[in-house]
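First comes the structure, then the notes that go with it.
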Number of protein chains: 2
Amino acid sequence: MTARRKPSTETPVFPKPGHNHARCASEALRKAEAVCTARKTRLTDIRRQVLELIWQSHVPVGAYEILSQLNAGGGRTAPIAVYRALEFLMDNGLVHRLASLNAYIGCAHMGDDHHAAQFLICRTCGTTAELESAPLKRALTHAVAERGFSIDSQIVEISGVCPHCRATA
Amino acid sequence: MTARRKPSTETPVFPKPGHNHARCASEALRKAEAVCTARKTRLTDIRRQVLELIWQSHVPVGAYEILSQLNAGGGRTAPIAVYRALEFLMDNGLVHRLASLNAYIGCAHMGDDHHAAQFLICRTCGTTAELESAPLKRALTHAVAERGFSIDSQIVEISGVCPHCRATA
DNA sequence: CGGTATAATGTTATGTTATAACATTTACAA
DNA sequence: TTGTAAATGTTATAACATAACATTATACCG
């Protein structure tokens, strides 16, 4: 441990219940546009709609939940369309899949080209945040390398209670 | 880091292709009996069968794969029976579920009462090993606590290439 | 031993998540 | 403008998991 930690960079704040979420969402959409432009991929209608629905909150959403919202106005979109959009969004680093929930969440670090992520999932409010911990990353890399194993991808999903729910309880 | 690492305790060997697996399996079954006796739970026929099928290898198996093996001789066991057996085995720490694969694997540390586990999954041969790394555990615990989050459960699943497949390639 | 409570299993049906295969449309560039 | 690749539509099905209720087995008590 070196000195005091710097919350702004080392310890991103867990999304607060009352924060200005409209801002998160619009910011995310703006970044997504930028990423797609840079990568020469197309953020089509359905892809944008799926991304917007995902960014309605910091709670992961299931594919079929997205689907039913898409079809709320009487649409006839098929499941596969949602999965294709999700695949695109994940390939472009805009969305993550949470294997422990079979659900999807907007990526908090778009454009940063991080294909590995760790997540904190609050079992009370559902809010899920990315955990960017350099020491954790190092420990993981080291432990794996030590065993002669080479990493392709990794899943780290931690379920528990977030600071806000702890305070409320 | 303190001194040189001790492979026998700190760095368990990744299961080798040609190892005496019959031994792994019988050992596992023996331990399972002991655990159930100690916990006054019953390792019934179907539960033992499922556990044996899981221990046929170090490659995780899906519930329906287990089911079809159970029914290979013309049986009529229903999916729910397999899931109930799996639930029992997991509750008793005899089996783990791999969320990234929707598959199940025998626990390498029965009786050690470890409810958290990390896994190394070889994408080439499928072999999966538990990773017991104290530094990793510490880093994880620390990173999470630092953010005011309290842990209930965690999933760490690392996909890559195992030492033996790397050597072969 | 017989009764009774609990645990385990059987039976049937259905819910939830995800993909295959092939047809059609759209966007873009030569 | 037309050829091509990307995207979407359409239909069907695969893969994973649980609900609800009936029946059977086990163990424990009097």
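Computed from heavy atoms alone, side chains included, the values below leave out hydrogens, waters and symmetry copies. Proteins come first, then strands; the chains are lettered A, B, ... in the order of their sequence lines, and each starts at number 1.
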Using a 3.5 Å distance criterion without hydrogens, assess whether the side chain of B:Glu157 forms a donor-acceptor pair with backbone atoms of B:Phe119. no

B:Ser150 side chain to B:Gly148 main-chain N or O, any donor-acceptor pair under 3.5 Å? no

Chain B on DNA chain C: first and last contacting nucleotide, 5' to 3', under 4.0 Å to a heavy atom? C:dA8 to C:dT12

Would you mind reading off the distance between A:Lys40 atom NZ and D:dA5 atom P, rounded to a whole angstrom? 19 Å

Interatomic distance where CG belongs to B:Asn102 and P belongs to D:dT18 [whole Å]: 10 Å

Quick one: salt bridge (charged side-chain N to carboxylate O under 4.0 Å, His left out) pairs with a partner in residues 158-169 of chain A, sequence neighbours left out? none

Is there a continuous path of hydrophobic side-chain contacts, each under 4.5 Å between heavy atoms, that joins [X] to [Y]?
X: B:Ile121; Y: B:Leu131; value: no
X: A:Val61; Y: A:Leu67; value: yes
X: B:Leu136; Y: B:Phe14; value: yes

What parts of residues 77-89 of chain A reach DNA chain D, counting only heavy atoms under 4.0 Å away? A:Ala78, A:Ile80, A:Arg84

Strand contacts (DNA chain D) in residues 47-65 of chain A, 4.0 angstrom heavy-atom criterion: A:Arg47

Looking only at the side chains, is there a donor atom on one of B:His19 and B:His58 sitting less than 3.5 Å from an acceptor on the other? yes

For A:Glu27, which residues count as a salt bridge (charged side-chain N to carboxylate O under 4.0 Å, His left out) partner, sequence neighbours excluded? A:Arg30

Checking A:Arg138 now: which residues fulfil salt bridge (charged side-chain N to carboxylate O under 4.0 Å, His left out) with it, not counting sequence neighbours? none

Could you state the interatomic distance from OG1 (B:Thr141) to CD (B:Gln154), rounded to the nearest 0.5 Å? 7.5 Å

